[in-house]
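Shown next, in structure tokens, is the structure this report addresses.
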Amino acid sequence: MAAAAKMLVSDIVSGGISAVPANYVRPISDRPNLQVVHDDSTIPLIDLLPLISTFPDDRDRRRQVIRDIAHACHNYGFFQVKNHGIPETVIDNMLTVAREFFKMPEKERMKCYSEDPLKAMRLSTSFNVKTEKVSNWRDFLRLHCYPLEDYIHEWPSNPPTFREVAAEYSRRVRELAVRLLEGISESLGLEREYIVRAMGGQGQHMALNYYPPCPQPELTYGLPAHADPNAVTVLLQDQVPGLQLLKNGRWIAVHSIPNTFIVNIGDQIQVISNDRYKSALHRAVVNCSQERISIPTFYCPSPDAIIGPAPPLTDGEDHPPAYRSFKYDEYYRKFWNRGLEVETCLDKFRAIAPPPPT
Ligand code: OGA
Ligand code: NI
């Protein structure tokens with residue numbers, strides 16, 4: 001009997017390969033061009049202590065952090081954070097259990113496999129194998145994490161510490177995400193709670209991305225250029241480089257600093273901010289010698305939340321609403337169904353400009 005086809009990149013690689021299989025090879029016009037990535041510019045690093053602590057004498061320092069956030073969100077859509085309030089052990093344990101998960105035997109991992117992007121817990125590969133023509137050099141476990149009690153029973157029970165470690169991690173990251181959304185709200189001149197309230201019951205998903213070493217990294221992507229569909233992403237990565245973001249038409253490598261997180265604005269904040277903040281394009285590239293793990297948390301509105309530009313940020317003349325209002329669920333389904341081929345999903349929700357006056 002012929003062996004079953006390998007679904008996951010990790011299992012294709014573990015057989016030993018010297019070339020990238022044909023279905024991972026990008027057309028020449030769409031390759032990472034690894035030589036022209038810039039290392040000379042980096043994203044802002046923001047010390048969040050004044051946002052996390054509640055000392056009454058920190059009002060001025062809080063104001064400065066809010067200004068730093070405004071600058072980063074407007075100019076980069078990306079920043080790194082330190083003094084974020086999440087203990088080192090929580091971070092280390094999460095990276096360790098993620099590594100352990102992807103080292104389990106194929107048979108054990110495949111119990112979680114699914115190709116349905118709307119499932120609340122699934123192991124999958126690439127981006128959306130059902131819609132895309134070329135696959136990506138990535139396997140991932142995706143989990144819904146908020147409200148935790150609705151989902152934790154679906155999470156993998158192996159490795160044995162998985163649920164406990166990932167639950168603690170997701171609780172901590174949720175606290176951080178809420179603090180960040182409060183800061184982002186204020187930085188737009190909105191009430192501190194505006195964005196969190198606009199997100200209704202809220203949602204939180206986490207991905208454990210596993211990028212195996214790749215024999216020909218110049219031919220393929222871990223993840224091609226995309227913007228995140230959620231509100232804000234809090235990314236933890238190991239020490240292996242791979243994340244890049246697009247700034248002024250140039251791809252910039254984002255280096256990992258131990259015990260920091262990378263924060264990026266997603267499409268929903270771009271909408272709420274009425275285009276003041278941008279949901280930046282970013283991608284992950286792979287390399288030939290080292291595996292890489294990244295763990296993004298996608299903080300998002302609840303599926304039934306109605307999202308649209310914040311009224312205080314729209315006015316008839318200079319800043320008409322750039323988007324129509326929509327249910328987050330509608331946005332999320334469009335994002336997953338279209339594949340990552342088209343670069344941004346936001347354009348599908350742009351307001352139709354009124355005809356020019358005659
Ligand atoms: C993502 C993502 C980047 C990375 O999962 O949306 O952008 O470095 N990941 O893995
Ligand atoms: Ni992303």
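Basis for what follows: all heavy atoms, side chains included, without hydrogens, waters or symmetry-related copies. Keep in mind that this is a model prediction, so the values were computed, not measured. Every number for a ligand or one of its atoms is a count from 1 in the order of the listing.
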Legend entry - Heavy atom of the protein closest to atom 3 (C) of ligand 1 (residue, atom name, distance): L243 CD1, 3.8 Å

Inset, instruction - Could you grab the protein N, O or S atoms closer than 2.8 Å to the Ni ion (ligand 2) for me? - result: H226 NE2, D228 OD1, H282 NE2

Inset, instruction - Report the nearest protein non-hydrogen atom to atom 5 (O) of ligand 1: residue, atom name, distance rounded to 0.1 Å. - result: N209 ND2, 3.2 Å

Inset, instruction - May I have the step-by-step check of side chain to side chain donor-acceptor pair (under 3.5 Å) for S126 and E132, ending in yes or no? - result: CA-CA 9 Å; S126 190; E132 65 209 359; 2.4 Å; yes

Legend entry - Close approach, R292 and ligand 1, non-hydrogen under 4.0 angstrom: yes

Inset, instruction - Could you walk me through whether Q202 and R174 pass side chain to side chain donor-acceptor pair (under 3.5 Å), step by step? - result: CA-CA 10 Å; Q202 306 156 60; R174 176 178 136 77; 3.0 Å; yes

Inset, instruction - Find all atoms of ligand 1 within a distance of less than 4.0 Å from any non-hydrogen atom belonging to P296, and give their numbers and elements. - result: 5 (O)

Inset, instruction - First locate atom CD of E115, then atom OG1 of T131, and finally report the distance between them rounded to the nearest 0.5 Å. - result: 10.5 Å

Legend entry - CA sep, side-chain torsions, deciding dist, call: Q64, R61, side chain to side chain donor-acceptor pair (under 3.5 Å): CA-CA 5 Å; Q64 183 55 49; R61 288 207 289 162; over 6 Å; no

Inset, instruction - Determine whether any heavy atom of F140 lies closer than 4.0 Å to an atom of ligand 1. - result: no

Legend entry - F349 and Y331 aromatic centres sub-6.0 Å: yes

Inset, instruction - Measure from the ring center of H205 to the ring center of F298 and say whether it is less than 6.0 Å. - result: no

Inset, instruction - For atom 6 (O) of ligand 1, grab the closest protein heavy atom and report residue, atom and distance to one decimal in Å. - result: H226 NE2, 3.0 Å

Legend entry - Pairs touching residues 145-178 that satisfy ring-ring contact (aromatic ring centres under 6.0 Å, His included), sequence neighbours left out: H144-Y151

Inset, instruction - Only counting residues at least two apart or in another chain, list the ones meeting side-chain contact (heavy atoms from CB on, under 4.5 Å) with P321. - result: P309, T314

Inset, instruction - Could you tell me whether ligand 1 has any atom less than 4.0 Å away from a heavy atom of A207? - result: no

Inset, instruction - Test the R122-W336 pair against the cation-pi criterion, namely NZ or CZ under 6.0 angstrom from the six-membered ring centroid and within 45° of the ring axis. - result: yes

Legend entry - Heavy atom of H282, distance to ligand 1 below 4.0 Å: yes

Inset, instruction - Of the side chain and backbone of T233, name the one, both, or neither that has a heavy atom under 4.0 Å from an atom of ligand 1. - result: neither

Inset, instruction - Could you give me the CA-CA distance, side-chain angles and deciding distance for Y323 and Q270, then say whether side chain to side chain donor-acceptor pair (under 3.5 Å) is met? - result: CA-CA 10 Å; Y323 303 92; Q270 179 163 336; 3.1 Å; yes

Inset, instruction - Could you tell me the residue and atom name of the protein heavy atom closest to atom 1 (C) of ligand 1, and the distance to it rounded to 0.1 Å? - result: L223 CD1, 3.5 Å

Inset, instruction - Heavy-atom contacts with Y211 under 4.0 Å: which atoms of ligand 1 show up? List them by number with element. - result: 4 (C), 9 (N), 10 (O)

Inset, instruction - Sequence neighbours left out, what passes salt bridge (Lys or Arg N to Asp or Glu O under 4.0 Å) with D11? Give chain and number order. - result: R109

